[in-house]
Structures are given as C-alpha cells and as structure tokens.
Trainee: 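Have a look at this one.
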Protein chains: 2
Amino acid sequence: MTQPTISLANRVCEIIVQDIVTGTLPQGSKLNEPELARTHGISRGPLREAMSRLEAMRLIKRIPNVGASVVSLSYDELLEIYQIREALEGLAARLAAQNMSATETQELRLLLGAHEKHIKQTQGQSYFQQEGDVDFHYRIVQGSKNQRLINILGDELYNLVRMYRYQFSLSSNRPQQALKEHNQICAAIEEGDAELAEWLMRRHIGNARRNIMQHMQADATPAEDL
Amino acid sequence: MTQPTISLANRVCEIIVQDIVTGTLPQGSKLNEPELARTHGISRGPLREAMSRLEAMRLIKRIPNVGASVVSLSYDELLEIYQIREALEGLAARLAAQNMSATETQELRLLLGAHEKHIKQTQGQSYFQQEGDVDFHYRIVQGSKNQRLINILGDELYNLVRMYRYQFSLSSNRPQQALKEHNQICAAIEEGDAELAEWLMRRHIGNARRNIMQHMQADATPAEDL
DNA sequence: AGTCATAATATTGTCAACAATTTAAGCGTA
DNA sequence: TACGCTTAAATTGTTGACAATATTATGACT
C-alpha cells in the first residue's frame with residue numbers, strides 16, 4: 001500500500017491476508033507460529049504482531065494458549081456482513097453525495113464505463129469484475145470523507161467479502177443488473193441527491209443479500225455478486 | 001471479562017484501556033514502551049501485543065519506527081462516530097425487535113426502571129447515568145444477535161464514546177428526554193415492531209448528534225449525552 | 001546569532017532462548 | 001478392547017539482548 005519499506009510485520013501481514021483471501025491458507029486451518037515464521041523468513045516476534053492485525057481484520061480467530069486459525073466462513077456470517085454493509089454503505093452513499101469532489105465523481109463515472117466494456121467483452125465472472133465491484137464500492141466509501149467509516153469497511157469488511165467471493169466462487173449471475181444499479185447510484189451522487197443515493201445503495205446491497213438467502217436455502221452451491 | 005487468568009497482554013490491555021478512557025493517559029501523549037512495560041511489570045513483548053489491540057480499538061495511533069500515541073479527540077471525529085452509530089444502532093434496534101428473547105426484553109425494561117429511579121434521585125450527570133446509557137445501548141446491540149455488529153460497536157466505538165464522555169464531561173443536559181426516548185425504543189422492541197424501533201433509534205442518536213453540533217459551533221464547552 | 005552537518009542518545013524493530021501450558025502418546029488396569 | 005492416568009513432545013507465552021531507525025544534542029561554519 002505504501003512505498004517505503006515498512007516493518008517486516010506489515011509486509012508479512014499483507015502476504016498472509018492475500019493467502020487467506022485466496023484460500024492458499026484454507027478456512028479453519030491452524031496457524032503454526034514457528035512454521036509460518038520460517039516460511040516467511042522472519043522471527044516469531046513480528047509474526048505475532050502480524051497475527052494481531054489479522055485478528056483485528058477478523059480474518060483469524062485466536063484462542064489463548066491454544067493458537068490461531070483461519071476463520072470459517074458460513075452463510076449466516078455472510079448475511080451478518082451484508083446487513084452491516086447495507087447500513088454502512090447506505091450512509092457512505094449519502095455522505096458521498098454531499099462530499100465527493102467533481103474529479104472524484106468523474107473518476108467514478110470512468111470506472112463504470114470500464115466495467116461496462118468488460119462485461120460486454122467477457123460475459124461475467126472474471127477476476128476483474130469481482131475486484132472492480134469492490135473498487136466501485138470502495139470509492140464511494142472514500143468519497144464519504146468519514147475516516148472511521150473508511151477504516152471499518154476497508155480494514156474489516158471488504159477483505160472478508162473478497163474472501164467469500166474467491167472461495168465460494170461468488171461470481172455475479174446478474175452483472176448487467178448490478179451495473180445498472182451502480183449507474184443509478186452514481187447518477188444520484190453526481191446530482192448531490194443524498195437521500196436517493198442512500199436509498200439506492202441500501203436497495204442495491206439488499207438485493208444482493210436477498211439473492212444470497214435464496215441460493216442459501218436452495219443449495220450449498222451459491223451464485224451471487226455484489 | 002473472562003474468569004480464568006488470561007495472558008499478560010490481555011490483562012494489561014484492559015488496564016490501559018481504562019487509563020485511556022478516563023484520561024489517566026492523556027490525549028496525544030506518547031506511549032513509551034520500556035516505561036509502560038516497567039510500570040505494569042511485564043516485558044515489551046506482551047506490551048506490544050496489548051498495544052496492537054489498542055490500535056485495533058482505535059484508542060492509540062501508531063506510526064512505524066516512531067511510536068504510538070493516545071488518539072486526540074476532536075468534534076469532527078465525534079460526529080463521524082455518531083453518524084456511524086446512527087446507521088449501525090438503527091440496524092441493531094431493528095434486529096433486536098426481531099430476535100430479542102422475552103427475558104432479554106424484561107431485563108431491558110428493568111434497566112430503564114433503575115435509570116428512572118436514579119434520575120429522580122440524583123439530578124443527572126452521575127457516573128452511573130453515563131455508564132447506564134452505554135448499558136442500555138449495548139443490550140440492544142447484543143439483542144441483535146449479529147455477532148459482527150456486536151464486535152464492531154463493542155470493541156471499537158463504545159470505548160471511544162466513553163472516552164469522550166469522561167474527558168469532555170459530556171453529562172446529559174436532557175436526561176429525562178433521553179429516558180423517554182429509551183422507553184419508546186424499548187416499547188417498539190417489545191412489540192416486535194422492527195421498522196419503528198430502527199426509526200426511533202436513528203432519531204434518538206440523530207438528536208444527540210445535532211445537539212453536539214450546536215454546542216460545537218457555539219463553544220468548546222459542550223454538553224451532550226447519548 | 002543563526003543554520004546546517006555531525007555525533008550521541010533514546011526508542012522502536014527484531015531475534016533467539018527460556019518458561020508455562022496444551023496436546024499427543026504410552027502404559028497399565030478393569 | 002476401552003478407559004484413565006502418567007509422561008513426553010509440541011506449541012504458545014514471555015523474557016532479555018541485539019540491530020536499525022529516529023530524535024535530540026553538540027559544534028562548526030556563514
């Protein structure tokens with residue numbers, strides 16, 4: 001994230017984050033401190049520091065005197081996350097409509113253009129689309145200018161959302177519909193209509209949540225985005 | 001919190017949390033690792049672990065190779081927090097109306113009775129009232145049964161709210177009004193009216209936020225509660 | 001006198017070894 | 001064979017010392 005070489009703990013932390021998100025470190029697997037330290041060529045001290053951050057990100061679960069394991073994902077927890085996203089990103093959209101700069105909204109519009117192009121070219125489910133969706137939402141969150149909101153969503157929730165997408169193969173089954181909703185939200189922000197932006201964002205995430213719930217009770221093989 | 005003696009880091013962490021909240025460790029003050037470790041009779045290893053948790057709680061701010069300082073409170077950040085509380089506790093109230101058990105609502109009602117009694121006896125601003133308010137809100141949050149929501153509010157936001165109250169002397173200037181709003185929320189939860197509970201909670205916290213904003217531009221000497 | 005470079009000090013980052021607890025294995029007995 | 005206890009191995013928690021970086025103090029030069 002930052003250019004100057006930070007502490008070993010930070011660097012290793014980011015690597016492990018990626019390993020957890022992508023499933024290289026599987027769900028529920030135990031993290032052996034000496035082994036992990038040796039793997040990354042550092043000592044146990046910085047590694048434990050990195051693990052503290054992973055715990056703060058809710059990516060691992062620690063039990064005193066027993067050890068740490070990668071969190072196990074469940075549909076119930078995914079719904080919990082989406083309930084929170086609905087409330088928090090609704091707020092973010094409202095604030096973004098009030099506080100986003102002209103250049104920021106322009107960049108957001110450009111991003112949507114790129115998404116549209118990619119959806120037309122590659123019919124859905126690409127890596128780009130998944131990350132691109134996170135990009136869209138994260139830009140709005142940043143546009144809220146509420147630093148604490150940015151931290152909560154960026155540090156705690158989005159990594160978990162990415163993790164679900166990778167490991168549950170949550171590629172969108174309605175990319176064009178999601179894009180349409182993104183465009184509506186973007187328009188509301190451009191016009192500075194805070195109330196509408198919040199309402200649209202809440203409905204947008206609510207749609208995704210309801211979609212998850214359907215596939216959830218139908219089968220253990222889901223298909224969902226946003 | 002838990003009965004068996006946990007790790008040194010946990011114990012010291014809770015002590016430092018209290019020191020920060022109450023102002024024993026002043027805002028912006030630098031945390032000297034060897035000194036703090038010596039003070040609490042532990043080594044730097046566990047102390048750094050404790051500091052990582054304080055960082056996750058947003059009570060201290062760390063800069064690589066420079067050190068950690070207690071956060072500095074500002075009205076802008078207080079408003080940020082209340083914006084988030086409005087969204088998140090609105091969600092909590094809605095879920096609580098759906099998921100709270102009968103015994104939980106009864107206990108909530110009892111708590112409000114105790115508050116009423118205390119307000120009549122001691123006209124406002126007591127320590128009990130401040131903590132009692134946090135109790136009320138935290139019970140609703142727990143009643144939501146959304147574990148992640150409980151963690152975010154309990155671990156990150158409520159400690160900061162308590163910190164503001166202690167150090168800005170944010171005793172309520174409208175205790176009876178706040179109590180009335182609490183009773184309304186409690187009634188909506190008892191009746192299982194999720195929508196109303198959410199709306200009332202959002203207005204309740206929104207009132208507090210607007211109250212803060214008034215005193216904020218008026219002077220640097222505020223008076224506000226929940 | 002003021003400012004910049006340099007050296008001394010203090011603080012953070014990192015490491016390897018020790019202590020305490022937990023987990024697994026081994027053994028004996030019913 | 002299954003169960004419980006004892007003992008050994010492995011893992012986490014903790015400590016003190018060393019290395020790297022930042023902060024402060026000192027002194028030379030304009």
Side-chain angles (χ1 to χ4, degrees), chain A residues 1-20 24-72 155, chain B residues 1-20 24-72 155:
Chain A
M1 287 293 185
T2 43
Q3 53 281 25
T5 301
I6 331 270
S7 59
L8 288 184
N10 290 34
R11 184 152 46 84
V12 171
C13 178
E14 291 185 14
I15 295 174
I16 299 179
V17 166
Q18 203 62 15
D19 286 346
I20 291 178
T24 305
L25 285 172
Q27 300 178 35
S29 64
K30 195 164 181 307
L31 299 184
N32 187 299
E33 291 185 5
E35 182 184 335
L36 255 186
R38 193 158 26 81
T39 300
H40 293 89
I42 62 175
S43 181
R44 276 182 59 212
L47 182 89
R48 283 171 68 88
E49 180 116 4
M51 285 171 66
S52 288
R53 309 207 172 181
L54 295 171
E55 186 184 20
M57 295 180 188
R58 321 288 184 182
L59 291 179
I60 68 173
K61 207 180 57 159
R62 258 177 154 173
I63 301 176
N65 286 318
V66 172
S69 336
V70 179
V71 293
S72 291
D155 295 346
Chain B
M1 288 292 184
T2 44
Q3 53 282 25
T5 300
I6 332 270
S7 61
L8 289 184
N10 290 35
R11 183 152 48 83
V12 171
C13 178
E14 291 186 14
I15 295 174
I16 299 179
V17 166
Q18 203 62 15
D19 287 346
I20 292 178
T24 304
L25 286 172
Q27 300 177 36
S29 63
K30 193 164 183 308
L31 299 185
N32 187 301
E33 291 186 6
E35 183 184 336
L36 255 186
R38 194 159 24 82
T39 301
H40 293 88
I42 62 175
S43 182
R44 276 182 59 212
L47 182 89
R48 284 171 66 89
E49 181 116 4
M51 285 171 65
S52 288
R53 307 205 176 185
L54 295 172
E55 186 185 20
M57 294 180 189
R58 321 287 184 182
L59 291 179
I60 68 174
K61 207 179 54 159
R62 260 178 153 172
I63 301 176
N65 287 317
V66 172
S69 335
V70 178
V71 293
S72 291
D155 295 345

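Values in this document were obtained by computation on a predicted structure and should not be read as measured data.
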Trainee: Quick one: CZ on A/Arg48 to OG on B/Ser52, what's the gap to the nearest 0.5 Å?
Mentor: 10.0 Å

Trainee: Is any side-chain nitrogen or oxygen of B/Arg48 closer than 4.0 Å to OP1 or OP2 of C/dT12?
Mentor: no

Trainee: What nucleotide among D/dT12, D/dT21, C/dT14 has an atom nearest to a side-chain atom of B/Arg44?
Mentor: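 Nearest nucleotide to the side chain: C/dT14.
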
Trainee: Report yes if at least one side-chain N or O of B/Asn65 is closer than 4.0 Å to OP1 or OP2 of C/dT12; otherwise report no.
Mentor: no

Trainee: So what does B/Gly67 hit on the nucleic acid, given a heavy-atom distance under 4.0 Å: a base, only sugar-phosphate, or nothing?
Mentor: sugar-phosphate

Trainee: In this structure, how many angstroms lie between the P atom of D/dA20 and the CG atom of A/Leu8, rounded?
Mentor: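 Going from A/Leu8 (CG) to D/dA20 (P), I get 12 Å.
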
Trainee: Which whole-number value in Å describes the distance from B/Arg62 CZ to C/dT11 C1'?
Mentor: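 The answer, rounded to whole Å, is 13 Å.
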
Trainee: Testing the basics here: between A/Leu47 and A/Glu33, what is the closest heavy-atom pair and its distance to 0.1 Å?
Mentor: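 For A/Leu47 versus A/Glu33, the nearest heavy atoms are CD2-O, 3.4 Å.
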
Trainee: Provide, to the nearest angstrom, the distance between the CD1 atom belonging to A/Ile42 and the C1' atom belonging to D/dA19.
Mentor: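 Taking atom C1' of D/dA19 as the reference, CD1 of A/Ile42 is at 16 Å.
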
Trainee: Please tell me which of the listed nucleotides, D/dA22, C/dG13, D/dT12, lies nearest to the side chain of B/Val66?
Mentor: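 The answer is D/dA22, which lies nearest to the side chain.
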
Trainee: Using a heavy-atom cut-off of under 4.0 Å over every strand shown, decide if B/Leu31 touches base, sugar-phosphate, or nothing.
Mentor: sugar-phosphate

Trainee: Report the distance from atom CG of A/Leu47 to atom P of D/dT11, rounded to the nearest whole Å.
Mentor: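 Whole-Å distance recorded here is 14 Å.
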
Trainee: Expressed as a whole number of angstroms, how long is the span from B/Glu33:CD to D/dA17:C1'?
Mentor: 15 Å

Trainee: For a 4.5 angstrom cut-off between non-hydrogen side-chain atoms, does B/Leu54 reach B/Cys13?
Mentor: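 They are in contact (side-chain heavy atoms under 4.5 Å apart), so the answer is yes.
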
Trainee: Any idea which heavy atoms bring B/Ala68 and B/Met51 closest together, and the distance?
Mentor: CB-CE, 3.4 Å

Trainee: Starting the side chain at C-beta, find the nucleotide from D/dT11, D/dG13, C/dC15 nearest to A/Lys30.
Mentor: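 The closest nucleotide is D/dT11.
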
Trainee: Tell me: NE2 of A/His40 to P of C/dC15, nearest whole Å?
Mentor: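 Result: 13 Å.
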
Trainee: Closest approach to the side chain of A/Ser43, judged atom by atom: which nucleotide of C/dT11, D/dT15, C/dA16 is it?
Mentor: C/dA16

Trainee: Could you state the CE-C1' distance from A/Met51 to D/dT11, rounded to the nearest angstrom?
Mentor: 11 Å

Trainee: So for atom NZ, which belongs to B/Lys30, do other residues, nucleotides or ligands contribute more than 12 heavy atoms lying within a distance under 6.0 Å?
Mentor: yes

Trainee: Checking contacts here: which listed nucleotide (D/dG13, D/dT15, C/dT11) is nearest the side-chain heavy atoms of B/Asn32?
Mentor: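 Nucleotide nearest to B/Asn32's side chain: C/dT11.
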
Trainee: Expressed in angstrom and rounded to an integer, what is the separation of A/Leu36 atom CG from D/dT11 atom P?
Mentor: 12 Å

